[in-house]
Amino acid sequence: MTSMARARVARRIAAGAAYGGGGIGLAGAALMGLLVAEAQLARRQVYGNGAQPHVPQADGVYGRSYAVPGEDPLLLVLLGDSTAAGQGVHRAGQTPGALLASGLAAVAERPVRLRNVALPGAQSDDLDRQVGLVLGNGGRVPDVCVIMVGANDVTHRMPPTRSVRHLSSAVRRLRTAGAEVVVGTCPDLGTIEPVQQPLRWLARRASRQLAAAQTIGVVEQGGRTVSLGDLLGPEFEAHPRELFGPDLYHPSAEGYATAAMAVLPTVCAALGLWPAEEERPDSFRREGFLPVARAAAEAVEEAGTEVTAAMPTGPRGPWALLKRRRRRRVAEAEPARPTA
């Protein structure tokens, strides 16, 4: 699918999410029976490898050596599905939350308190509950929230308009409360090793369409997105044993570190911590201002691409800034275990 065609589809999905339209199917009716059968086979292969759905507990304070009396740690909250939770690794320091918290602490030179409310197996309709946990009881509003969600929406055939509607609502609630929001968009499910054709092609197409539509919905609510699709594409496809975990579905420790390196610069930029010179669009990296749907479609094609709101209106609707931020190491060594 071309970038322009993907932009048109993403616009339709986002418009349907905003105005209550119906879903756009993943495939024609003639293929749905095969799609369901292949999905069930893939799921049995994924969960039949003996891997346990263990998620290490990584909540706590990172970068305590930066503590200053009277200054609270930054509050980072992760929401979403098993990828946000860190399923597939054995140690807390290997989870994306721990990697992001330790990386953010190093950049900010300030402690970071991590809270993770993500739920393995969650779809976007669980975000309402998760946001309630984050904002409920009059507690402190997070400085920044990172959401990773969408893969289960595709595998469970949730209509993309419904998926984007739930995500947009979650971003709106968090932004209204005062939190910065960064969303890692739906990964490319066409790279999962047990998935065979034609499901592999259908999954890749559906996940990329959803990722582009997610970007439109998130940016329109004042959040930022980072494309994970291509990140989990060629690199994971070339090194599946290194970047996938034992179940061949969830990332390994190396895979989570790769994803965290793509998201960390945008988290820092959202908090005003990234170098000012890197906030200016660089034409040599094909950065710049684009209609939001076109920016969303282009972001799907390259890992680590950030899209954020720029201008509320333009010749073709809202515009966004597309940034291809350089990836940097999260930490030179595995982060230390947090303290409660």
Side-chain angles (χ1 to χ4, degrees), residues 1-19 107 144-148 150 160 164 167-168 170-172 174-176 178-186 188 207-231 233 261-328:
M1 180 180 290
T2 67
S3 178
M4 294 303 294
R6 183 172 288 115
R8 287 194 295 270
V9 173
R11 271 198 303 266
R12 290 201 300 271
I13 294 172
Y19 299 109
V107 173
V144 60
C145 294
V146 174
I147 303 174
M148 297 180 182
V164 174
L167 176 59
S168 298
V171 174
R172 181 171 58 253
L174 292 168
R175 291 290 294 131
T176 299
E180 297 292 340
V181 180
V182 175
V183 174
T185 55
C186 183
D188 184 349
S207 54
R208 291 191 172 196
Q209 286 179 351
L210 178 57
Q214 285 177 321
T215 292
I216 296 175
V218 169
V219 169
E220 288 181 343
Q221 299 302 326
R224 302 179 185 226
T225 62
V226 179
S227 171
L228 298 182
D230 190 57
L231 177 73
M261 281 189 287
V263 174
L264 178 60
T266 299
V267 170
C268 294
L271 294 172
L273 299 172
W274 214 233
E277 61 270 17
E278 292 199 14
E279 294 307 294
R280 293 188 292 270
D282 186 340
S283 60
F284 290 101
R285 296 208 299 260
R286 294 176 293 117
E287 299 178 345
F289 298 95
L290 296 169
V292 65
R294 183 178 163 193
E298 290 201 11
V300 170
E301 302 298 330
E302 185 173 337
T305 302
E306 175 191 315
V307 180
T308 186
M311 295 176 282
T313 58
R316 284 173 285 177
W319 280 54
L321 173 60
L322 184 145
K323 293 281 297 177
R324 305 180 193 275
R325 297 189 183 276
R326 298 185 183 92
R327 295 183 205 159
R328 301 186 176 186

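The two atoms that bring Val307 and Ala299 nearest to each other are CG2-CB, 3.7 Å, heavy atoms only. The two residues Phe289 and Trp319 make their nearest non-hydrogen contact at O-CZ3, 3.2 Å. The two residues Cys186 and Gln214 make their nearest non-hydrogen contact at N-OE1, 2.8 Å. The two residues Ile216 and Ala296 come nearest to each other via the heavy atoms CG1-CB, 3.9 Å. Between Trp274 and Cys268 the shortest heavy-atom distance is CE3-CB, 3.4 Å. Residues Ala211 and Val300 share a closest heavy-atom pair of CB-CG2, 4.1 Å.
Arg286 has no carboxylate O lying under 4.0 Å from a charged side-chain N of Glu298, or vice versa, which leaves the two without a salt bridge.
Two residues are said to be in side-chain contact when any heavy atoms from C-beta on lie closer than 4.5 Å; Ser168 and Glu220 fail this criterion. Counting only heavy atoms from C-beta outward, the side chains of Leu174 and Ile147 approach each other to under 4.5 Å. Side-chain contact between Val182 and Val218 is absent, with no heavy atoms from C-beta onward closer than 4.5 Å.
Every residue meeting the side chain to side chain donor-acceptor pair (under 3.5 Å) condition with Thr266, not counting sequence neighbours, appears here in chain and number order: Glu306. In terms of the side chain to side chain contact (heavy atoms under 4.5 Å, CB included) criterion, residue partners of Glu287 (sequence neighbours excluded) are, by chain and number, Pro281, Asp282, Arg285, Lys323, Arg324. Looking at residues two or more places apart in sequence or on another chain, you find a salt bridge (charged side-chain N to carboxylate O under 4.0 Å, His left out) between Glu180 and Arg175. Shown here are the side chain to side chain donor-acceptor pair (under 3.5 Å) partners of Thr225, two or more places apart in sequence or in another chain: Thr215.
Here OG of Ser227 is found 9.5 Å from CG of Leu322. Values are rounded to the nearest 0.5 Å.
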Are Val181 and Gln221 close enough, and set up right, to give a side chain to side chain contact (heavy atoms under 4.5 Å, CB included), and what steps lead you there?
-> CA-CA 10 Å; Val181 180; Gln221 299 302 326; over 6 Å; no
